[in-house]
Amino acid sequence: MNEPSMTMVKPLLKVTDLSVTFKRDNGMFEAVDCMDYTIESGQIVALVGESGCGKSVSAQAVMGLLNRNGTISGGTIEFDGSTIDPSNDTLMDQLRGNQISMIFQDPLSTLDPLFTIGNQLMETIHAHDSVDRTIAKKRCVETLKDVGFADPLSIFNSYPHTLSGGMRQRCVIAMALVNHPKLLIADEPTTALDVTIQAQIMNLLKDLRDKYGMAILLITHDMGVVATMADKVLVMYAGQIIESASVMDLFSHPLHPYTKALMASVPSIDGDGSTTLSSIRGNVSANYDTLIGCRFLTRCPFALQRCMQQIPWKDQGCNHRVRCINTTEVEL
Ligand SMILES: Nc1ncnc2c1ncn2[C@@H]1O[C@H](COP(=O)(O)OP(=O)(O)OP(=O)(O)O)[C@@H](O)[C@H]1O
Ligand SMILES: [Mg+2]
């Protein structure tokens with residue numbers, strides 16, 4: 001009799017050396033530089049960093065939804081065991097809204113004011129599945145219930161303008177979930193909402209992860225949300241991941257000075273989703289792809305001469321990696 005073999009579990013999403021370049025009036029701009037990460041089935045991975053550092057662009061690249069002036073200029077993406085080409089619209093039409101869903105940074109614009117929530121949910125199902133209307137409607141109503149509506153049938157029959165911001169946000173989440181995707185990319189899904197609703201929606205996403213086992217890539221500025229939601233964290237600065245670790249390791253031993261600054265930061269109270277780095281001056285340079293060496297150098301209180309050279313990854317074990325040569329000095 002054969003011994004049972006140890007099978008390696010493949011990640012659901014494996015992004016290797018992903019680079020994204022935009023054509024601008026004044027030349028090319030590399031918005032994402034050699035990004036590497038994996039997401040396992042059922043895992044919640046948070047992608048954090050200040051405004052303009054490439055979080056949305058990197059997610060849009062995976063979804064094949066870059067603006068027309070942008071291309072994937074390097075790297076590979078594997079989803080569920082196969083290499084995917086996000087520029088292949090035929091393939092991506094099969095995956096998007098079905099196996100991979102995305103909640104956009106401006107989610108409320110996802111809803112069409114001319115159609116009921118039910119119409120829009122049904123259309124999302126029928127784009128991928130030819131189930132009959134009764135079964136499709138049942139699935140829509142169940143999903144509306146999943147996202148917390150006590151009277152899902154009345155929401156099914158409602159037009160978006162008759163619902164509050166929080167209710168519409170739940171409908172957007174229902175649209176992303178109605179086909180039970182394996183991966184949900186949620187780009188600042190609660191930015192436009194007040195704090196209480198934000199917390200409700202985050203709890204909801206976590207419950208749905210537990211119920212359906214879907215993985216979530218959660219893009220956020222809010223380290224409080226990261227601490228309560230994520231299993232793993234990717235810290236991004238100026239187009240590059242500069243630290244990655246389990247949420248426990250990152251919060252107990254943050255290594256990069258930028259990560260520490262993020263932890264000491266507070267989300268702004270005017271609700272625009274931005275973050276003020278209380279302990280570090282300046283902001284992300286607009287042309288960050290031209291910076292040499294560590295891209296955080298000019299803002300870092302611990303910078304050394306050597307930081308002007310290319311910074312290698314340092315592996316701390318337990319999948320905690322950092323791109324900084326002076327981590328021991330850092331105490332912000
Ligand atoms: N279509 C585009 N053409 C040129 N540059 C772009 C384009 N889209 C984004 N960028 C640039 O890419 C960089 C990363 O932008 P991105 O939207 O990913 O930032 P972000 O981290 O999501 O910020 P925020 O937290 O504010 O949403 C920015 O410098 C932005 O100006
Ligand atoms: Mg963004």
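Scope of the values below: all heavy atoms of this structure, side chains included, with no hydrogens, waters or symmetry mates. Note that ligands are numbered from 1 as they come in the structure, with each ligand's atoms numbered from 1 the same way. In what follows, residues are counted from 1 in the order of the sequence shown.
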What distance do Gln200 atom CD and Thr196 atom OG1 have between them, rounded to the nearest 0.5 Å? 7.0 Å
Between Gln240 and Tyr288, does any side-chain donor sit less than 3.5 Å from a side-chain acceptor? no
Is the closest N or O pair between Val57 and ligand 1 shorter than 3.5 Å? yes
For Phe29, the ligand 1 atoms whose distance to one of its heavy atoms is below 4.0 Å: 11 (C), 12 (O), 13 (C), 29 (O)
Could you report the tightest heavy-atom contact between Thr124 and Asn179, atom names first, then the distance? O-ND2, 3.1 Å
Tell me if a side-chain donor or acceptor on Lys55 pairs with a main-chain N or O of Thr220 at a distance below 3.5 Å. no
Look only at the side chain of Thr38 and the backbone of Lys14, and say whether a donor-acceptor pair between them is shorter than 3.5 Å. no
More than 12 heavy atoms of other residues, nucleotides or ligands under 6.0 Å from CG of Leu114: is that the case? yes
Honestly, for Met236 the part within reach of ligand 1 (heavy atoms, under 4.0 Å) is neither
Are any of the N or O atoms of Ser56 closer than 3.5 Å to those of ligand 1? yes
For Asn67, atoms of ligand 1 separated by under 4.0 Å from a heavy atom: 1 (N)
Under 3.5 Å: donor-acceptor pair, side chain of Lys206, backbone of Thr228: yes
Mark yes or no for whether Asp80, through its side chain, and Leu12, through its backbone, hold a donor-acceptor pair below 3.5 Å. no
Considering both backbone and side-chain atoms of Asn69, is one of its nitrogen or oxygen atoms within less than 3.5 Å of a nitrogen or oxygen in ligand 1? yes
Show me which atoms of ligand 1 lie under 4.0 Å from any heavy atom of Arg24. 4 (C), 5 (N), 11 (C), 29 (O), 31 (O)
Among Ala31, Ser51, Gly70, closest by any non-hydrogen atom to atom 24 (P) of ligand 1: Ser51
At a cut-off of 2.8 Å, what protein N/O/S atoms sit near the Mg ion (ligand 2)? Ser56 OG, Gln105 OE1
Report yes or no: does a heavy atom of His221 sit under 4.0 Å from some atom of ligand 1? yes
Kindly confirm or rule out an N or O of Cys53 lying under 3.5 angstrom from an N or O of ligand 1. yes
Below 3.5 Å, can you tabulate the donor-acceptor pairs from side chains in residues 21-29 to any protein atom, sequence neighbours excluded?
{"from": "Thr21", "atom 1": "OG1", "to": "Ser73", "atom 2": "OG", "distance (Å)": "2.6"}

My understanding is that we take every heavy atom of each candidate and find the minimum distance to atom 10 (N) of ligand 1. Doing that for Tyr288, Phe22, Tyr237, which one comes out nearest? Phe22
Could you grab the distance from atom CD of Glu243 to atom CZ of Arg321, nearest 0.5 Å is fine? 11.0 Å
Does Asp112, at its CG atom, have more than 12 non-hydrogen atoms belonging to other residues, nucleotides or ligands within less than 6.0 Å? yes
For Gly42, does its backbone N or O pair with a side-chain atom of Arg209 as donor and acceptor, under 3.5 Å? yes
For the 3.5 Å polar cut-off, considering only N or O atoms, please tell me whether Gly52 and ligand 1 meet it. yes
